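A quick write-up on the structure given underneath.
Per chain, numbering begins at 1; letters A, B, ... match sequence-line order. Atoms considered below: every heavy atom in the structure, side chains included; atoms not considered: hydrogens, waters and symmetry mates. Not measured: the values here are computed from a predicted model.
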Protein chains: 2
Amino acid sequence: MSEDEIAPVARTVTIQDVARLAGVSTATVSRAIALPDRVAEATREAVFSAIRETGYTPNAAARSLRAKATRMVLVLLPGLGNSFFTPVLDALEEVFSSQGYGVLVGYARQSRSRETHYARLIRGGQVDGVLVITGNVPRDEEFVAVPETVPISLMFSDIPGTDQFSVFDVDNRLASATLVRHLIAEGHRRIAHIFGPEGSTESEERLLGYRDAHAEAGLQVDDALVWRGAGNFDFVSGDRAAAFYLSAAERPTAVFAAADEIALGFMRGLKNHGVSVPDDVSVVGFDDTEYAEHYDPALTTMRQPRTELGRLAAADLLRRMMAKGETLPRTHLRLPCELIIRESVRRL
Amino acid sequence: MSEDEIAPVARTVTIQDVARLAGVSTATVSRAIALPDRVAEATREAVFSAIRETGYTPNAAARSLRAKATRMVLVLLPGLGNSFFTPVLDALEEVFSSQGYGVLVGYARQSRSRETHYARLIRGGQVDGVLVITGNVPRDEEFVAVPETVPISLMFSDIPGTDQFSVFDVDNRLASATLVRHLIAEGHRRIAHIFGPEGSTESEERLLGYRDAHAEAGLQVDDALVWRGAGNFDFVSGDRAAAFYLSAAERPTAVFAAADEIALGFMRGLKNHGVSVPDDVSVVGFDDTEYAEHYDPALTTMRQPRTELGRLAAADLLRRMMAKGETLPRTHLRLPCELIIRESVRRL
DNA sequence: CGAATTCTTGTAATCGATTACATCTACTGT
DNA sequence: ACAGTAGATGTAATCGATTACAAGAATTCG
């Protein structure tokens, strides 16, 4: 209560201070913390009480320098604009922080200087592991040498032609085929596809699945119904794609959008022109983000197990980071997707 | 092209290696990097070519240890489940990474061990600054001493009774009043409020604004129309609140939800019971998240300048972190909100 | 031409924790 | 009672970069 009980001005307290107060050497303090049973009972008590009294917290930089490990992982995303990533990041943070790791986020796309920044972070030993989400490993010259330094894993998207990364994804092709097969089973014959971002593996795979389902059913794909150039996995792209529908020579009865957000934007765009879903046209998306379920109409889509994939990828990376020195063989984990049927498809 | 051009096995290359190769001391290498014009032209060249040849990147831990700065900031969120945060995080990452800072994300709520984890991160000098979003400063005993160590700023929510943090927010009370005033102007007299999460400053402020608008207009607030206990700023809470509407003795003609996600969930819940917005009841939200615009009906809401607030908060924190030593007076920045009129309100 | 000044570079201490090795004490077993 | 072993602790080197200080070389100026 009295004036002198106010906390003293925060001067950085080091292991030296604790050692002095406890009347032992710094080595003993360090041991008392890291290997408590290598230290005599009484000494341990003395050290811990000195720690409490001083409010000592080990300096992370000093520790990292010696241990050559930072207990930090870097998660590289193409951007957070899309709600697709939030459960993934949630899961990652949960697993990593529970093991005492910090999660650094970065958006690698677009800016060259950004890429360099993150490449440096990795090469400077600032992180113990890296998770690259959706295929955007900086193809920086500097970066190429990296996988030897720290483990790097890929999520949701493989990089064709390399096998140096562990991969955690789904079979986009198969899942898309299943989705389109569902439309066909509901009686649709004229099905359009809103293609995702150009240059992404997922986009290509989803298109292949779309074709597969057509081929299986003996249906011809009308190339005029593969709508490219919409842009990203976002609303705006979907909204823009509505124009393709409206101006189609012969309108499709169903549309497979490469992502939920595209599907939602598309439906909204249609609505502005008086076209109703699913009465006039059926729509399916991909991902099963939170909004798919709550939109009106609720969206039929293909669920990607985002949280689970996040947990598993994190656990795997953790294992690799622990295995300092030897390189474990790469993991390629593919989890199944699930068809979620809601209200946006009408049986013909 | 030939075999021996393959990159050599990555052994950590240190400043020593560069110095040796360039035929200078480590001090000179360090200077060549940090203060290029304090070094002779020829030497500088030699150093840089040695750096290129070895692929040297300075070790971050060593640097941090000496410099007592890590170039990392911690962003604490209550969770990422809500899309409200994505543009904020986007803006923060943009500003910080452009200045060479890394962004660590953490979810402080719920778990005690999590809090300790992040408190340690801060006290261990692992970050140079902290941004706490929506009022969740760990009230940990350990934490209380922290603000003296590194600058901490609050976003979107003040902590009553303290003035040790800088704050970046909006006037929730005023904005809510404006929103409700709009409903009143549109002819509504019986207006319900879906209260946000208990214990959050924002929730309380928004309720006050709701009352203010009523008082101004000489309207009596019917306490049965303040629906508490919905839960979080999310869909489920809104969906749950639909039950309050349906079971109301005398139904309101308009509903002010404490957040967009709540409003969306509410509308969806209503729809399942055949109640239509805005024909049967008008709805307004708060925040103006991406989905508000694209939902059907598009939501009338109060826009919070999330991106701008993020940029400004980041810039301010950056300034504080640079000003090592002296403590700058705290900033309290309040940005205006904007009423966004869409389709979810009907004029009575 | 010699003194004063400016440039350039090197030597070595430092940041704070960890840990190999050495030392000392206290047991154990014969 | 004494060698041998286990247990507890201290000493000092180490991780990799930065930087105060010193010293030597080059330049300027009266």
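- Separation of atoms CZ (R306(A)) and CZ (R311(A)) is listed at 12.5 Å; rounding is to 0.5 Å.
- In this structure, R66(A) has no side-chain contact (heavy atoms from CB on, under 4.5 Å) partners at least two apart in sequence or on a different chain.
- Considering all non-hydrogen atoms of both residues, V103(A) and F96(A) come closest at CG2-CB, 3.8 Å.
- Looking at every heavy atom in both residues, A313(B) comes nearest to M155(B) through CB-SD, 3.8 Å.
- Note that OG of S97(A) is 4.5 Å distant from OH of Y118(B), once rounded to the nearest 0.5 Å.
- Taking every heavy atom of both residues into account, T54(A) and V13(A) meet most closely at O-CG1, 3.6 Å.
- T331(B) and D316(B) form a side-chain donor-acceptor contact under 3.5 Å, judged by distance and modelled atom types alone.
- For R320(A) and S153(A), the side-chain atoms include no donor-acceptor pair closer than 3.5 Å.
- A nucleotide of DNA chain C counts as in contact with chain B when one of its atoms lies under 4.0 Å from a heavy atom; the first and last such, 5' to 3', are dT8(C) to dG16(C).
- Taking the side chain to side chain donor-acceptor pair (under 3.5 Å) definition, one finds that T26(A) meets it with nothing, sequence neighbours left out.
- Not counting sequence neighbours, S98(A) has no partner by the side chain to side chain donor-acceptor pair (under 3.5 Å) test.
- Within residues 27-34 of chain A, the residues that place at least one heavy atom under 4.0 Å from DNA chain D are, in residue-number order, A27(A), T28(A), R31(A).
- Near-neighbour residues of DNA chain C inside residues 37-53 of chain B, defined by a heavy atom below 4.0 Å, number-ordered: V39(B), A40(B), T43(B).
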